Amino acid sequence: MIEKRIAELVEILNQANYDYHVLDNPTITDQEFDKYLRELITLEEEHPEFVREDSPTHRVGGVVLDSFKKIRHVIPMMSLGDIFNEEEVRSFDEKIQEANLHPEYVCELKIDGLSVSLHYEKGKLVSAATRGDGTVGEDITHNVKTIKTIPLTIRDQIDIEVRGEIYMAKETLKKINLEREKKGQPLLQNCRNAAAGSIRQLDSKIAASRNLDSFIYHLPNPEDYGISTHSEALEFMKKLGFKTNPNNRVVKSADEIWQYILDMGKKRPELSYDIDGVVIKVNQISLQKQLGFTAHHPKWAIAYKFPAEEVLTKLKDIIFTVGRTGQITPNAVLEPVIVVGSTISRATLHNEDYVVSKDLRIGDIVSIRKAGDVIPEVVEVKEDRRTGEEIPFQMIHTCPICNRPISKKEGQVDYFCFNSMCPARHIEGLCHFVSRKAMNIDGLGDAIIEDFFNIGYIKSFSDIYDLKNHREQLKELEGYGEKSVNNLLEAIENSKKNSLERLLFALGIPNVGEKTAKILSMEYDTLENIIAKTEEELTTIPDIGGIIASSIVDYFSDSLHQEEIERLKKHGVNMTYTGEKKKKAEDFYQKTFVITGSLTKYTREEVESKIELLGGKASSSVSKKTSALILGENPGSKYEKAIALGIPIYDEDTLEELFQKYEV
């Protein structure tokens, strides 16, 4: 009777473990589980002769080793080659297509954990090993038995090896670190290191306390089980009782691979575990065999690595640039490093206070990231890497271009060169004037503007519209022929038709960005109307504060700027708003909207533009002032915050109905 009851309890508890940890579908309550487990522990203590190898009581640990034994992999555990961008993804596919093969692919998440090989004999777990050097790994069986998603016995009494990843969930790491903080212990740095450190503990009780998890993703010898594709192997392993990842996807082209990568990149922050990329595998086993292996990795699989969010490099120098408003900006010159898919060798350091607050020194090792995945920024100095030879930062006192003294504006942290004739100010201003979001004159890049400035063709904005007078001279310049000169002059002529907001942004008025220029243009229709407004009148417009209003009035009060505006008028540059007029729609007027998740019917830019046309405002953060949240697929934390604040939620269908109501 005792042996039978122990067997019953083992079956109940193992099934409950599988339902809860693998299927995420609990079938008994925690109280029931604990009651059964306590009964089993008591019976096993009283009758150790009936303890089964697959008993869930082994999950609590208790084995303490002197050291790890070695296990040789019968089939080597190879690593994968790495790729880092869309071009390399397509190249991987092209090489396989060139071999006249027509594969399907399985795309999987690359779990950031520790690789493991599991061996079962007649359905029972007999050993677990790390990858090691690919040929020989460490025996971690005593710790792997504590992981609830790894079955001690599988559903078929067969001999089999499966491979996968052991990892620690993000929430688990938080809980462990809270406890360690209370005890004054050092915090675990990240999920991957925490998982690796836990699985290599000699005392299995420590591993058991870390609540590790697993995903199984590879069957080394699928044909032995009558399996012909990798996707079938995943399903086979799932039926045996292993936890496989639900995000796997079968695809048929490089386009579909890249779409999967984009989808998972968006989903990445919401996952309960860390991933560092995507694994792409040829699905058909027969094609895998045809493609074979290199000495180090299979030719039929590759790992796309998500761009590093933060990397280390050396601060080689700090140089100073002069912007179009005369603002002096310190810039970091870095040893080139790849950050989020692009090579970074420069990063803005903003101003003197920023550099001093971070104690940046030439020669420092610094961490770099991209703010919003766009602008490179220096995060911090790695002080423990200093050698003593680093050079402390010193702020300059004269303009690096014209050598005139520089100074701060009252109440501001930035230094400025106030020499209106400083060449750097003119070049930067001209580059901004022709840029894509300003007058959008294709063919006038930064280097060309600098050349034309130095030659003397362009010294002011209006000079751009006189370039047609230098047509023959332009043809004689290196790189310019009849066609390229005609294209350039046509682009210049077309820019005269731009709506007012582009010109207003192009002028480079301090504190007047693209969005502010659009607001002013929609409100006042003509540049003449804007010029005529006082500071007090300008500040009556939402989003136009005192600093912006002061900048606008100061700019147009300058006689040099007035003369330049007149010259642009004579050249026929449009100074009227020609875009859609703002409507005072009751559902949008003076209301604030926030977008979260991926939109399918519109782009974010389209939605924000339509909201502005209807008199509303698009914001990036949820607060009590938010009028409504626009909900896309896979929303982030903004959705939870909106729910907590009781903010109305609009799905895309609701939004579309509102747009149709106002005919935008």
Side-chain angles (χ1 to χ4, degrees), residues 323-327 408-412 414 416 418 420 429 432-433 437-439 460-462 496-593 608-620 623 625-627 662 664:
R324 64 181 185 274
T325 63
Q327 181 177 323
K408 294 181 180 180
K409 292 181 178 179
E410 187 176 349
Q412 295 196 21
D414 296 305
F416 286 82
F418 291 103
S420 61
H432 172 73
F433 186 87
K437 292 184 177 182
M439 296 302 280
S460 66
F461 302 147
S462 56
K496 294 179 182 180
K497 303 171 189 175
N498 286 332
S499 185
L500 172 61
E501 70 273 15
R502 282 186 172 273
L503 172 63
L504 195 58
F505 177 51
L507 293 175
I509 303 168
N511 304 305
V512 176
E514 184 184 4
K515 188 173 181 180
T516 301
K518 182 79 172 286
I519 291 169
L520 288 164
S521 300
M522 292 176 78
E523 186 71 27
Y524 293 121
D525 289 325
T526 69
L527 187 62
E528 186 177 357
N529 289 340
I530 296 171
I531 293 171
K533 297 302 174 186
T534 64
E535 286 186 35
E536 289 74 21
E537 289 172 319
L538 290 168
T539 53
T540 62
I541 304 174
D543 296 322
I544 305 295
I547 292 175
I548 295 175
S550 177
S551 292
I552 294 167
V553 171
D554 287 348
Y555 184 89
F556 290 117
S557 298
D558 188 312
S559 60
L560 292 176
H561 295 152
Q562 293 170 8
E563 291 169 9
E564 181 68 347
I565 296 296
E566 287 303 314
R567 284 193 290 269
L568 290 170
K569 279 183 184 177
K570 288 179 180 177
H571 280 293
V573 175
N574 175 59
M575 298 195 178
T576 301
Y577 177 67
T578 59
E580 292 185 74
K581 300 294 184 183
K582 184 182 286 188
K583 302 179 181 182
K584 293 186 178 181
E586 60 178 342
D587 293 295
F588 292 90
Y589 186 62
Q590 293 188 338
K591 293 183 178 182
T592 302
F593 298 82
E608 290 174 356
S609 177
K610 289 176 186 291
I611 287 170
E612 287 177 5
L613 281 172
L614 295 169
K617 174 185 174 184
S619 177
S620 60
S623 71
K625 295 181 180 179
T626 303
S627 306
Y662 296 106
V664 296

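The structure presented is a predicted model; accordingly, all values stated were derived computationally and were not measured.
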inquiry  = Any donor-acceptor pair under 3.5 Å linking the side-chain atoms of Glu528 with those of Thr526?
reply    = no
key: Which atom of Ala618 lies closest to which atom of Lys515, heavy atoms considered   = O-NZ, 3.4 Å
ask   = Just by modelled atom types, is the Thr592 backbone N or O under 3.5 Å from a matching donor or acceptor in the Lys625 side chain?
value = no
Whether Thr626 side chain and Ser623 backbone form a donor-acceptor pair below 3.5 Å = yes
message = Is there a side-chain contact (heavy atoms from CB on, under 4.5 Å) between Phe461 and Val573? Walk through the geometry before answering.
response = CA-CA 11 Å; Phe461 302 147; Val573 175; over 6 Å; no
request  = Verify the neighbour count for atom NZ of Lys408: are there more than 12 heavy atoms of other residues, nucleotides or ligands below 6.0 Å?
outcome  = yes
task = Of all the heavy-atom pairs spanning Leu503 and Met439, show the shortest one and how long it is.
result = CA-SD, 3.7 Å
query = What is the minimum heavy-atom distance between Ile530 and Phe556, and which atoms define it?
reply = CG2-CE1, 4.4 Å
ask   = Can you find a heavy atom in the side chain of Asn574 that is under 4.5 Å from one in the side chain of Lys497?
value = no
note = Minimal heavy-atom distance between Ser551 and Ile509, with the atoms involved, is O-CG2, 3.8 Å
inquiry  = Determine whether Asp587 and Leu614 satisfy the following criterion, side-chain contact (heavy atoms from CB on, under 4.5 Å), listing intermediate values before the conclusion.
reply    = CA-CA 8 Å; Asp587 293 295; Leu614 295 169; over 6 Å; no
request  = Decide yes or no for Leu527 and Lys569: does some side-chain heavy atom of the first lie under 4.5 Å from some side-chain heavy atom of the second?
outcome  = no
query = Can you pull the salt bridge (Lys or Arg N to Asp or Glu O under 4.0 Å) pairs that have at least one residue in residues 531-542, sequence neighbours excluded?
reply = none
message = Please find the pair of heavy atoms, one from Ala438 and one from Ala506, that lie closest to each other, and give the distance.
response = CB-CB, 3.6 Å
task = Please test Leu613 against Met522 for side-chain contact (heavy atoms from CB on, under 4.5 Å), starting from the C-alpha separation and ending with a verdict.
result = CA-CA 9 Å; Leu613 281 172; Met522 292 176 78; 3.6 Å; yes
query = Say you draw a straight line from CD of Glu566 to CD of Glu564; how long is it, rounded to the nearest 0.5 Å?
reply = 10.5 Å
query = In Å, rounded to the nearest 0.5 Å, how long is the span from CG of Leu538 to OG1 of Thr516?
reply = 11.5 Å
request  = Identify the heavy atoms of Ala517 and Glu501 that sit nearest to each other, and give their distance.
outcome  = CB-O, 3.5 Å
message = Does any part of the side chain of Leu507, heavy atoms only, come nearer than 4.5 Å to the side chain of Val512, both counted from C-beta?
response = no
inquiry  = Once ring-ring contact (aromatic ring centres under 6.0 Å, His included) is applied, do any residues pair with Phe505, and if so which ones, sequence neighbours excluded?
reply    = His432
